[in-house]
Q: 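So that we are looking at the same thing, I have put the structure below in structure tokens.
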Amino acid sequence: MVRLFVLLAAVQLVLLVLALIGALSADRVRNMPRALWLLVILLIPLLGPLAYFAWGRPVPPPREGGPIRTRGPRPTSPDDDPDFLRSMDTERSRRERELLDQWERELEKNDE
């Protein structure tokens, strides 16, 4: 019976260490802020690390030849993105207006 408890304690310790390393080294975590995940991992003995592995780990990038995960249709290039094109049009028109105003001032200055 004692051996079983030692084995379970070792498993729990390994899960705790792996979850802490995973949470601290990941670029982003899911569903909660990183600090809250660390508290859950540290304060809830066995369920905290298991919850992190189930709901907190970031989704790995798709492997080559594997299924592709998409969240919705995204533009493949900036030319296909209407928001980007709209922002370019407004920026370009602003610059053109400024340039036109500058030319008009120079013309008025030369006419005098």
Q: Evaluate the side-chain proximity of L42 to L16: yes if any heavy-atom separation is below 4.5 Å, no if none is.
A: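 Yes, at least one pair of side-chain atoms sits under 4.5 Å.
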Q: Following the transitive rule for hydrophobic clusters with a side-chain heavy-atom cut-off under 4.5 Å over Ile, Leu, Val, Met, Phe, Trp and Tyr, establish whether I44 and V11 coincide in one cluster.
A: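 Yes, it is one cluster - the side chains of I44 and V11 are joined through contacts under 4.5 Å.
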Q: So which heavy atom on V29 is nearest to which on M32, and how close?
A: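 Closest approach of V29 to M32: CG2-O, 3.4 Å.
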Q: What's the shortest heavy-atom distance between R30 and W37, and which atoms?
A: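 For R30 versus W37, the nearest heavy atoms are O-NE1, 2.8 Å.
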Q: What is the distance from atom OH of Y52 to atom CD1 of I41, rounded to the nearest 0.5 Å?
A: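 If I round to the nearest 0.5 Å, the distance is 6.0 Å.
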Q: Can you tell me how far the CZ atom of R57 sits from the CG atom of N31, to the nearest 0.5 Å?
A: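 Output value for this atom pair is 13.5 Å.
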Q: Please name all residues satisfying side-chain hydrogen bond (donor to acceptor under 3.5 Å, both in side chains) with R94, sequence neighbours left out, ordered by chain then number.
A: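 Checked R94 against side-chain hydrogen bond (donor to acceptor under 3.5 Å, both in side chains); matches are E91, E98.
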Q: By side-chain contact (heavy atoms from CB on, under 4.5 Å), which residues pair with L43, not counting sequence neighbours?
A: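 For L43 the side-chain contact (heavy atoms from CB on, under 4.5 Å) partners, ignoring immediate neighbours, are L39.
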Q: Suppose we screen for side-chain contact (heavy atoms from CB on, under 4.5 Å). Which residues come up paired with P45, at least two apart in sequence or across chains?
A: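 P45 satisfies side-chain contact (heavy atoms from CB on, under 4.5 Å) with Q12 once adjacent residues are dropped.
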Q: Once side-chain contact (heavy atoms from CB on, under 4.5 Å) is applied, do any residues pair with D101, and if so which ones, sequence neighbours excluded?
A: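 Testing D101 for side-chain contact (heavy atoms from CB on, under 4.5 Å), a comparison that skips the adjacent residues, returns E104, R105.
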Q: If the test is side chain to side chain contact (heavy atoms under 4.5 Å, CB included), which one of L20, V14, I21 qualifies with V17?
A: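 When L20, V14, I21 are each tested with V17, the side chain to side chain contact (heavy atoms under 4.5 Å, CB included) holds only for I21.
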Q: Checking L50 now: which residues fulfil side-chain contact (heavy atoms from CB on, under 4.5 Å) with it, not counting sequence neighbours?
A: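 Partners of L50 by the side-chain contact (heavy atoms from CB on, under 4.5 Å) criterion, ordered by chain and then number, come out as L15, L46.
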Q: Partners of E108 by side-chain hydrogen bond (donor to acceptor under 3.5 Å, both in side chains), sequence neighbours excluded?
A: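 Scan of E108 (side-chain hydrogen bond (donor to acceptor under 3.5 Å, both in side chains), adjacent residues dropped) gives none.
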Q: Give a yes or no on whether the backbone of D27 and the side-chain of R34 come within a donor-acceptor separation of less than 3.5 Å.
A: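 Flag set: sc R34 to bb D27 pair under 3.5 Å.
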